[in-house]
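For reference, the structure discussed in these notes is given below.
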Amino acid sequence: MLYIHSEFFGGTALQAAVGWADGEVFFGPSFTCTNGMEDPPYRLVPPAEMAINAGLRTLGVTAAPGQDEYVTVGLEAHRWSDDSISG
């Protein structure tokens with residue numbers, strides 16, 4: 001299981017992820033951010049290494065050509081809270 005959290009505002013992003021199975025943590029917790037949000041525990045990483053993408057890779061997700069793991073599994077359909085609530 002992978003727990004994910006993300007916040008986007010004005011082009012900046014915070015992401016967190018932790019994965020566990022059988023009561024054991026196998027990924028994270030990971031706290032990552034884009035430029036301008038580098039307050040601990042968040043660390044600045046390239047987009048491909050953001051917490052959610054990295055966590056999805058640990059589950060075996062391979063990004064489709066021209067996409068990242070986030071888009072490959074369809075999470076872009078839930079980028080906005082209103083979309084998640086209504087859809």
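Hydrogens, waters and symmetry mates are skipped; everything else that's a heavy atom, side chains included, is used. None of these values were measured; they are calculated from a predicted model.
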Is any side-chain heavy atom of S30 closer than 4.5 Å to a side-chain heavy atom of R43? yes
P47 side chain near D68 side chain, heavy-atom distance below 4.5 Å: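 Not touching, per the 4.5 Å side-chain cut-off.
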Considering all heavy atoms of both residues, which atom of [X] and which atom of [Y] are nearest to each other, and what is their separation?
{"X": "A48", "Y": "N53", "result": "O-CB, 3.5 Å"}
{"X": "S6", "Y": "I52", "result": "CB-CD1, 3.9 Å"}
{"X": "L44", "Y": "N35", "result": "CD1-N, 3.3 Å"}

Are L14 and M50 linked, directly or through other ILVMFWY residues, by side chains that come within less than 4.5 angstrom of each other? no
Any chain of hydrophobic side-chain contacts (each under 4.5 Å) joining L59 to M1? no
Could you work out, with salt bridge (Lys or Arg N to Asp or Glu O under 4.0 Å) as the rule, every residue matching R57, not counting sequence neighbours?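 Salt bridge (Lys or Arg N to Asp or Glu O under 4.0 Å) list for R57, sorted by chain: E49, E69.
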Spacing of T12 atom OG1 and E38 atom CD [to the nearest 0.5 Å]: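 CD of E38 is found 10.0 Å from OG1 of T12.
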What ring pair (Phe, Tyr, Trp, His ring centres under 6.0 Å) pairs are there with at least one residue in residues 9-37, not counting sequence neighbours?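 The answer is F31-Y42.
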Walk me through whether L56 and L75 qualify under side chain to side chain contact (heavy atoms under 4.5 Å, CB included). CA-CA 11 Å; L56 289 170; L75 290 174; 4.2 Å; yes
